[in-house]
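Data block below; observations after.
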Amino acid sequence: MTGKSLKPYKNPDRGEPGVKLLYIQTIGCQMNVYDSDCIRHILEPSGYAITSCPDDADLVILNTCAVREKAEQKAFSFLGRLADLKRRRPEVILGVGGCVAQQQGHAILGRMPYIDFVFGTRAIGRLPQILDRISRTGARVVDVEMTAPGTPGEPSSPLAGGGNVSRFVTIMQGCDNYCSYCVVPYVRGREVSRHPDRILDEIRGLVASGVREVTLLGQNVNSYGAKEGLCSFAQLLTRINDIDGLSRIRFTTSHPKDFSTDLMSAFGTLDKLCNHIHLPAQSGSNAVLKRMNRRYSREDYLDRIAHLRRIRPDIAITTDIIVGFPGETVEDFEETLDLIKSVEYDSLFAFMYSDRPCAPARRYPGKVPEAEKRDRLAQVLDLQKRATIRHNHALVGTIQTVLAEGLSKRNGISESFQWTGRTTTNKIVNFSFPEAGEDTPQPCIGKLVSIRIEKALSHSLMGRLIRSDRGQPV
């Protein structure tokens, strides 16, 4: 997810006493989206309310990602556009957080003199103190300390649902794997798991505010709790599965080396656990996987897929692929294509390798030319596109259970008014509701509904609602 501004939870009135307007722009993964919501939550007691327009804001925060070069470039492009806002409104406070902030710290203030503060991935809880210091002294502040009281990313109190049906919940931060291409251990620190009781309390609070689906987040959720001697990830899922009012559980990301048999078994026993797993392969070549420091082989990966499919034959599997890793030969790349064909993924995210600061692979010889990387990326995407279309077309005529999330973005494009949601296999479904319009009550939002799939597109499905979650025909 990139370029997301946080959804306004209310319509603040600048004339209301004590109200200050906050605009947050989020670039990066789901964990950054969760962190941005924590920022909103932490600053609310200081009188801040979300606005959807940066020009109206008293405080603008950019939450950044450094995992790939493109995301970093996007962050600095956005920051460059803030220079004009600062010239027009010198009183507005501008801040930069997230992974780029953690990585570059003081360099950002030197490069962009109109930025007021920089805060790292584990400084979110100190934001009120940072802003208080700026207001009292006018100082420019950099806080990239990796130490903080409590568990990093731990909300001081449960987050509210904000009117959303589905929400992210971070269960751990940091990473201990040190894949040779990755900056996460350097910008988010070592792995730390939240206590299960705090996670359960947060989810119960979200459910009480209307949330029906949670996606559990961590750089490697499979190793949850191991360092701290807490429950295993499979045991945590079992406890979450017992929460009344919750309809669905998702999680990301899983590291194949820690994908345990207990976790695989959970897909056969937990009724709320969605029938989808995102299991990053990164490469189909053992030689490349070794240089990536992934600590599993192609054979290990395929064994886990086979075991999982014995438990859930219809499970949807998605993955991440990196093309053009240093030293990747034509033969290595062909092995990746063969892996994609063998697994038959429902979809995948593919990226061209790029050198990242701190990551060991930046020093590796055998850099693949950019033109060759682009060609390999195109081949991967074309191969997967054909597989995704096959998977989607196979669903035409079937009845799928969908968690209705809200109005579809296709409204105004299609002839009929539409809602949207996802199947348990994480496929987007846009569907029509009989005799519905924009002003019609929305009885299905937040409910599991039965949809007859009528059409398959490249990245979504279209259908018609035939039954509510109470089994009532409509």
Side-chain angles (χ1 to χ4, degrees), residues 1 166 213 215 248 250 252 267 273-281 284 301-302 305-306 308-321 323 334 336-351 376-434 436 444 447-469 473-474:
M1 293 187 181
S166 181
E213 175 186 274
T215 300
R248 286 181 171 177
R250 302 186 188 273
T252 193
F267 282 94
L273 183 58
C274 285
N275 193 22
H276 166 240
I277 178 74
H278 186 72
L279 196 62
Y301 185 90
L302 289 172
I305 295 293
L308 185 58
R309 280 180 166 156
R310 284 193 291 270
I311 296 169
R312 291 294 295 269
D314 58 342
I315 192 166
I317 302 175
T318 57
T319 197
D320 293 338
I321 296 291
V323 300
E334 290 293 336
T336 295
L337 293 179
D338 184 68
L339 179 75
I340 296 170
K341 294 173 186 175
S342 299
V343 176
E344 272 280 315
Y345 294 108
D346 283 68
S347 65
L348 59 73
F349 298 97
F351 310 92
R376 292 179 186 182
L377 178 64
Q379 290 186 58
V380 166
L381 294 177
D382 180 65
L383 177 62
Q384 183 56 49
K385 181 180 179 180
R386 286 181 271 130
T388 299
I389 290 173
R390 286 196 301 272
H391 283 291
N392 287 353
H393 276 281
L395 296 175
V396 173
T398 66
I399 296 174
Q400 298 291 317
T401 301
V402 171
L403 178 62
E405 298 178 6
L407 297 175
S408 171
K409 294 180 180 178
R410 291 183 60 84
N411 288 320
I413 300 174
S414 60
E415 294 181 1
S416 60
F417 206 79
Q418 291 189 327
W419 277 261
T420 191
R422 291 178 184 264
T423 66
T424 183
T425 55
N426 206 35
K427 290 180 170 56
I428 297 171
V429 179
N430 297 302
F431 61 93
S432 58
F433 192 94
C444 62
K447 295 184 179 181
L448 296 173
V449 295
S450 295
I451 307 295
R452 187 183 302 279
I453 305 302
E454 298 177 337
K455 186 176 182 181
L457 304 175
S458 298
H459 302 290
S460 65
L461 303 166
M462 295 181 66
R464 183 171 297 276
L465 186 144
I466 62 170
R467 192 166 57 249
S468 72
D469 59 351
V474 295

Check the pair H391, T388 against side-chain contact (heavy atoms from CB on, under 4.5 Å), reporting the backbone distance first and the verdict last.
CA-CA 5 Å; H391 283 291; T388 299; 5.6 Å; no
Using side-chain contact (heavy atoms from CB on, under 4.5 Å), reason through I466 and I399 one step at a time and then give a plain yes or no.
CA-CA 9 Å; I466 62 170; I399 296 174; 3.4 Å; yes
Evaluate side-chain contact (heavy atoms from CB on, under 4.5 Å) for Q400 paired with V429, printing each intermediate quantity in order.
CA-CA 9 Å; Q400 298 291 317; V429 179; 5.5 Å; no
Check against side-chain contact (heavy atoms from CB on, under 4.5 Å), L377 and I321:
CA-CA 9 Å; L377 178 64; I321 296 291; over 6 Å; no
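A side-chain donor-acceptor contact under 3.5 Å links Y301 to the backbone of L279.
Closest of all the heavy-atom pairs between I315 and D346 is O-OD1, 4.4 Å. A281 and T319 make their closest contact through N-OG1, 2.8 Å (heavy atoms, listed as atom of the first residue, atom of the second, distance). Nearest heavy-atom pair across T425 and N275 is CG2-O, 3.4 Å. Across every non-hydrogen atom of T336 and G284, the tightest pair is OG1-N, 2.9 Å. When all heavy atoms of H276 and T424 are compared, the closest pair comes out as CB-O, 3.8 Å. Looking at every heavy atom in both residues, N430 comes nearest to S460 through ND2-OG, 4.1 Å.
The existence of a salt bridge linking R390 and E344 is confirmed by a sub-4.0 Å separation between a basic side-chain nitrogen and an acidic carboxylate oxygen.
Partners of R248 under the salt bridge (charged side-chain N to carboxylate O under 4.0 Å, His left out) rule, at least two apart in sequence or in another chain, do not exist in this structure. Contacts of R312 classified as salt bridge (charged side-chain N to carboxylate O under 4.0 Å, His left out), with partners at least two apart in sequence or in another chain: D314.
For D320 and H278, the side-chain atoms include at least one donor-acceptor pair closer than 3.5 Å.
Under the 4.5 Å side-chain criterion, counting only non-hydrogen atoms from C-beta, F431 is in contact with V449. By the 4.5 Å heavy-atom criterion applied to side chains, I389 and R386 are not counted as neighbours. Side-chain contact check for L348 versus T318: every heavy-atom pair is 4.5 Å or farther apart.
In this structure, the separation between CD1 on I305 and CZ on R310 is 11.5 Å, given to the nearest 0.5 Å. In this structure, the separation between OH on Y345 and CD1 on I317 is 7.5 Å, given to the nearest 0.5 Å. A distance of 10.5 Å separates CZ of F349 from CD of Q384, quoted to the nearest 0.5 Å. Rounded to the nearest 0.5 Å, atoms CD1 (I428) and OG1 (T420) are 6.0 Å apart. With values rounded to the nearest 0.5 angstrom, L457 atom CG is found 13.5 Å from K427 atom NZ. Atom OG of S166 is separated from atom CZ of R250 by 7.0 Å, given to the nearest 0.5 angstrom.
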